[in-house]
Amino acid sequence: MKYQRPKGTADILPGQSYKWEYIENTARKLFSKYRYHEIRTPMFENFNVFSRTSGDTSDIVTKEMYDFNDKGGRHVTLRPEGTAGVVRAFVQNKLYGPDTYKPYKVFYMGPMFRYERPQSGREREFHQIGVEAFGSDLPELDVEVIAMALDLLKQFGIKHVRLALNTLGDEETRDAYRKALIDYLKPHYDELSDDSKERLYKNPLRVLDSKDPKDKQFVADAPSILDYLTDNAKQHFDKVTSLLDALNIDYDIDPSVVRGLDYYNHTIFEIMVKSKSLGKGYTTICAGGRYNELVKQLGGPDMSGVGFGLGVERLLLFMEGENIPFPNLHPLDAYVVGIGDDTDTETFKVVQALRDAGFSADRDYLDKKPRGQFKAANRLNAEYTLTIGGKELASHKINVKSMASGEEVSVPLKDVKDNFNEVIEDSFN
RNA sequence: GCGACCGUGGUGAAGUUGGUUAACACACCUGAUUGUGGAUCUGGCAUGCGUGGGUUCGAGUCCCACCGAUCGCCCCA
């Protein structure tokens with residue numbers, strides 16, 4: 001093979017792209033109901049946009065970024081996630097100003113890039129659908145975002161999910177907890193995994209979601225951040241949980257949920273599903289939380305945000321694994337068969353008239369014989385096959401055949417062009 | 001970054017200790033049926049076995065490198 005697509009990328013072909021279209025359409029419709037509007041930001045940003053916000057020690061920044069110097073010597077990065085770029089745009093365009101209504105609610109969908117080894121549910125170019133809402137510190141907004149994420153999965157026909165919830169509290173909480181965690185883990189330093197040894201001082205919270213059995217034995221009895229919440233942080237979190245209760249949304253409070261990006265605080269959550277298609281155990285397909293420092297970090301005012309990101313490839317893998325059906329968005333209403341060269345023009349006119357009237361219609365472009373044209377109609381799953389031959393042409397008629405029943409009627413050509421719906425109604429219902 | 005496994009037509013694949021014409025099936029095209037689909041039968045359909053080297057009289061089969069797929073770990077959506 002001479003040319004192959006780059007490692008970790010995918011060609012999404014028509015046999016698959018209709019599913020993407022369905023997912024994107026469904027998401028758009030839902031976001032509209034919650035009054036979130038689309039924002040489109042560049043696929044690449046200055047390196048600093050991500051390195052500053054995601055955390056200099058995070059794996060995403062240190063080893064997974066597609067960064068390079070452009071011809072002008074600018075250090076740029078293909079975006080590894082959606083939030084930082086949106087926040088940058090929010091700040092640069094002064095959307096925090098009084099001209100915009102708060103909370104300022106946006107959504108995005110598009111490709112993200114991470115230099116990793118591809119495997120199930122993970123590509124180097126992958127896609128996320130996400131939302132961000134700025135300008136409200138109230139826990140009510142956290143709940144809206146969580147409820148909307150769950151609503152979205154519900155729209156896709158996904159029944160059983162696990163909502164894992166945690167809080168990182170405010171700065172004071174985090175400092176106190178960080179200290180407590182280090183104090184707890186320090187005596188076991190030699191017994192920790194190499195990764196965790198390194199993380200202990202840089203970012204001890206990450207030790208909590210280690211899957212290494214060596215670490216897990218200590219994590220189980222580690223102090224819980226919930227015991228270190230300041231009054232404010234606790235109040236915020238309690239409000240979130242009580243609102244979730246009021247909305248009949250099930251959740252598990254899971255202190256091991258810490259998130260891979262450093263900009264979160266207060267509420268964080270992951271929505272997980274269990275499926276053989278995504279390996280054993282639960283896999284996170286959607287995750288998010290509140291970030292109160294990010295806007296300020298990128299040069300904006302002290303304004304908070306909350307959002308989530310949904311992995312489209314993982315969602316798709318899960319839905320396919322669970323045999324959740326995707327609607328056929330592009331059925332073929334009519335295939336027009338022309339018999340004999342002199343019908344060619346009229347055939348084209350009928351096809352265009354039907355398209356003009358809002359039907360999907362197609363015809364032969366390979367000079368096939370009638371039999372071949374019917375085979376094509378059958379293969380394309382046409383609902384109706386219309387036939388024009390010499391006889392029909394002379395009498396200004398056309399044959400209309402229902403492919404499902406095999407029933408065929410002869411009707412005036414004009415009727416088909418002017419009101420195909422009525423022809424179908426009268427002939428087949 | 002580490003590990004495992006794999007790479008033959010449009011697809012699913014066979015290919016025996018390396019041996020000369022790369023099975024079989026599906027799909028597709030064609031004809032039986034010069035104006036009618038989903039059934040049956042006719043005939044057709046890989047100048048090449050991911051790419052590049054090497055070993056050999058001879059390589060799809062052995063060796064090396066590279067590229068890519070799949071699946072773990074790490075990490076993450």
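Just so you know, these numbers use all the heavy atoms, side chains as well, and skip hydrogens, waters and symmetry mates.
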* Partner residues of A:F90 under the ring-ring contact (aromatic ring centres under 6.0 Å, His included) criterion, sequence neighbours left out -> A:Y104, A:F134
* Structure fact -> Residues at least two apart in sequence or cross-chain that pass salt bridge (charged side-chain N to carboxylate O under 4.0 Å, His left out) with A:E392, listed by chain then number, are none
* Asked: When you measure from every atom of RNA chain B, which of residues 311-330 of chain A have a heavy atom less than 4.0 Å away?
  -> A:G311, A:R314
* Asked: How far, in whole Å, is B:A59 from B:G18 if one measures between their P atoms?
  -> 13 Å
* Residue pairs passing the salt bridge (charged side-chain N to carboxylate O under 4.0 Å, His left out) test where at least one lies in residues 124-133 of chain A, sequence neighbours excluded -> none
* **Paired stretches of RNA chain B - 3 or more consecutive Watson-Crick or G-U pairs, each distance under 3.5 Å** => B:1-4 with B:70-73, B:10-12 with B:24-26, B:50-54 with B:62-66
* **Test salt bridge (charged side-chain N to carboxylate O under 4.0 Å, His left out) applied to A:D362 - qualifying residues, sequence neighbours left out** => A:R355
* Confirm from the modelled atom types if A:R122 and B:C75 form a donor-acceptor pair under 3.5 Å, side chain to base only. => yes
* Between the base of B:A69 and the side chain of A:Q4, is there any donor-acceptor pair under 3.5 Å? -> no
* Please list, chain by chain and in numerical order, all residues satisfying ring-ring contact (aromatic ring centres under 6.0 Å, His included) with A:H75, sequence neighbours excluded. => A:F47
* Rounded to whole angstrom, note down the P distance from B:A65 over to B:A4. => 13 Å
* **Pair A:R28 + A:E38: basic N to acidic O under 4.0 Å** => yes
* Asked: Quantified in whole Å, what is the C1' atom distance between nucleotide B:G60 and nucleotide B:G48?
  -> 9 Å
* Asked: What interatomic distance, in whole Å, is found between C1' of B:A13 and the corresponding atom of B:C49?
  -> 13 Å
* Asked: Considering only heavy atoms, which members of residues 266-273 of chain A lie under 4.0 Å from some atom of RNA chain B?
  -> none
* Please measure how far the C1' atom in B:C41 lies from the corresponding atom in B:U30, and state the result in whole Å. => 13 Å
* When rounded to the nearest Å, what value does the distance between P atoms of B:G10 and B:C75 take? -> 41 Å
* Which value, in whole Å, describes the distance between the P atoms of nucleotides B:G15 and B:U40? -> 28 Å
* Structure fact -> Per-nucleotide protein contact along nucleotides 30-37 of chain B, 5' to 3', at a 4.0 Å heavy-atom cut-off (B base, S sugar-phosphate only, - neither), is -SBB-BBB
* **With A:Y22 via side chain to side chain contact (heavy atoms under 4.5 Å, CB included) - residues at least two apart** => A:T26, A:F156, A:M319, A:F326, A:P327, A:L329
* Asked: With sequence neighbours left out, what residues match A:D418 under salt bridge (charged side-chain N to carboxylate O under 4.0 Å, His left out)?
  -> A:K414
* What pairs with A:D367 under salt bridge (charged side-chain N to carboxylate O under 4.0 Å, His left out), at least two apart in sequence or on another chain? -> none
* To do: Sticking with atom C1', work out how far B:G52 lies from B:U16, rounded to a whole angstrom.
  => 29 Å
